[in-house]
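Hydrogens, waters and symmetry mates play no part in the numbers below; they use all other heavy atoms, side chains included. Note that the numbering runs from 1 along the sequence shown for the chain. Small disclaimer: the values here were computed from a predicted structure and weren't measured.
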Amino acid sequence: MNVKRRKIFGQVLFILLAFYLDGLIKWAFLNNINHETIMILPQLMLMAVVMLTMRIEDRRQLIIYGIVFGVLYDSYYYGIIGLYTILLPLLMVGIDHFRYLLIKNNMGYDISIYFLALTFLQTGIYLLEKLLQQTSTDVFDFITYTLGPTLLWNIVVFFVIYIPLANMSAWLVKYRRDSK
């Protein structure tokens, strides 16, 4: 197996681990916090995807990752195929398109991109659920009881695990650029 295939395998494994940790955190920790009104949604897979998206230069690979992991996320967590399947590739292509606006990647840049990505994803899911009549939640209730706590939780977690996450994602992509 050459270096390119090993790095792709490592990237997929990295995203799958984050996918698994999403469910584990929700099941083990957040079930005690989430009540009828407040809903916190951990998005570790989105963190991994955003970090890899800012470092992978092949847009075709990003779209494939977005579709595959979107279908996987939808089928495992939602049961409605289409929410993440549509929004995740759009998000990844959008990040890829606009990542060249700032020259150097740093923590502030990465956390702002993640904040915007999480806001886009959660709002898009809410709008699609509203369109499919899967939710009856008011917009202000969604912002207050779901979007706000989810953003706060995930930004704090992103801040805490940023250094290992950035180092791992940079290592998983580093040799792909050198071996073209």
Side-chain angles (χ1 to χ4, degrees), residues 1-30 33 40-73 76-77 84-85 87-122 124-125 147 149-180:
M1 189 186 284
N2 63 10
V3 174
K4 181 178 180 179
R5 289 181 193 249
R6 277 188 274 165
K7 292 299 178 176
I8 290 173
F9 179 75
Q11 293 166 7
V12 169
L13 196 61
F14 181 57
I15 296 172
L16 284 174
L17 179 66
F19 173 78
Y20 174 71
L21 288 175
D22 267 349
L24 188 65
I25 289 174
K26 181 152 178 54
W27 177 76
F29 179 66
L30 292 179
I33 295 175
I40 298 173
L41 304 169
Q43 292 289 335
L44 291 176
M45 187 184 87
L46 184 64
M47 286 180 204
V49 164
V50 167
M51 295 301 282
L52 285 175
T53 301
M54 290 189 286
R55 288 159 176 79
I56 295 174
E57 293 182 1
D58 184 13
R59 189 171 283 186
R60 182 173 166 253
Q61 182 182 3
L62 292 176
I63 292 172
I64 291 170
Y65 281 175
I67 292 171
V68 168
F69 289 108
V71 168
L72 187 66
Y73 204 92
Y76 190 74
Y77 289 115
Y84 273 80
T85 308
L87 294 174
L88 201 58
L90 283 174
L91 179 71
M92 293 172 80
V93 169
I95 290 171
D96 183 56
H97 185 71
F98 291 109
R99 75 175 161 179
Y100 296 108
L101 291 176
L102 295 175
I103 297 170
K104 184 174 172 93
N105 285 344
N106 59 25
M107 185 177 185
Y109 174 69
D110 289 346
I111 205 164
S112 65
I113 293 296
Y114 178 67
F115 181 83
L116 292 172
L118 185 60
T119 304
F120 168 78
L121 188 68
Q122 291 300 320
I125 288 170
L147 185 62
T150 297
L151 287 172
L152 180 64
W153 166 264
N154 285 297
I155 293 298
V156 168
V157 169
F158 188 80
F159 184 73
V160 169
I161 65 170
Y162 173 75
I163 292 174
L165 194 65
N167 290 339
M168 178 65 91
S169 61
W171 178 75
L172 286 171
V173 177
K174 182 173 134 187
Y175 291 108
R176 284 199 32 80
R177 291 190 206 134
D178 297 339
S179 63
K180 282 185 180 177

From CD1 (Ile113) to OG1 (Thr53), nearest 0.5 Å: 10.5 Å

Could you check whether any side-chain heavy atom of Asn154 comes within less than 4.5 Å of a side-chain heavy atom of Gln122, counting everything from C-beta outward? no

Measuring from Ile40:CD1 to Leu152:CG, what's the distance to the nearest 0.5 Å? 7.5 Å

Minimum side-chain heavy-atom gap Tyr65-Leu88 below 4.5 Å: no

Taking only residues two or more places apart in sequence or in another chain, which ones pass side chain to side chain donor-acceptor pair (under 3.5 Å) with Tyr73? none

Show, in sequence, the C-alpha distance, side-chain angles and deciding distance for Val93 and Ile63, and conclude whether the side chain to side chain contact (heavy atoms under 4.5 Å, CB included) test is met. CA-CA 7 Å; Val93 169; Ile63 292 172; 3.6 Å; yes

Got a sec, which residues hit side-chain contact (heavy atoms from CB on, under 4.5 Å) with Pro89, two or more places apart in sequence or on another chain? Ile67

Could you tell me which residues satisfy ring-ring contact (aromatic ring centres under 6.0 Å, His included) with Tyr20, sequence neighbours excluded, listed by chain and number? none

To the nearest 0.5 Å, atom CH2 of Trp153 lies from atom CG of Leu41 at 11.5 Å

Got a sec, which residues hit side chain to side chain donor-acceptor pair (under 3.5 Å) with Tyr84, two or more places apart in sequence or on another chain? Gln43

Can you name the side-chain contact (heavy atoms from CB on, under 4.5 Å) partners of Leu16, sequence neighbours left out? Val12, Phe69, Leu72

Test side chain to side chain contact (heavy atoms under 4.5 Å, CB included) on Val173 and Lys7; report intermediate values, then the result. CA-CA 7 Å; Val173 177; Lys7 292 299 178 176; over 6 Å; no

Gap between atom CG of Leu24 and atom CZ of Phe19 - 0.5 Å precision: 12.0 Å

How would you list all residue pairs meeting salt bridge (Lys or Arg N to Asp or Glu O under 4.0 Å) that involve residues 88-98, not counting sequence neighbours? Arg59-Asp96, Asp96-Arg99

Got a second to check how far Asp58's CG is from Ile64's CD1, nearest 0.5 Å? 7.5 Å

Would you say the side chain of Leu17 lies within less than 4.5 Å of the side chain of Leu13, judging by non-hydrogen atoms? no

With sequence neighbours excluded, what pairs up with Thr150 under the side chain to side chain donor-acceptor pair (under 3.5 Å) test? none

Excluding sequence neighbours, so at least two apart, what forms side-chain contact (heavy atoms from CB on, under 4.5 Å) with Ile155? Ile111, Tyr114, Phe115

Would Val157 and Ile25 satisfy side chain to side chain contact (heavy atoms under 4.5 Å, CB included), going step by step from the backbone distance to the final call? CA-CA 11 Å; Val157 169; Ile25 289 174; 5.9 Å; no

Any pair counted as salt bridge (Lys or Arg N to Asp or Glu O under 4.0 Å), so long as it reaches residues 153-168, sequence neighbours left out: none

How would you list, by chain and number, every residue that makes a side chain to side chain donor-acceptor pair (under 3.5 Å) with Tyr162, sequence neighbours excluded? Asp110

Could you grab the distance from atom CD of Gln61 to atom CE of Met92, nearest 0.5 Å is fine? 8.5 Å

Given side chain to side chain contact (heavy atoms under 4.5 Å, CB included), test Phe158 with Leu118 step by step and report yes or no. CA-CA 11 Å; Phe158 188 80; Leu118 185 60; over 6 Å; no

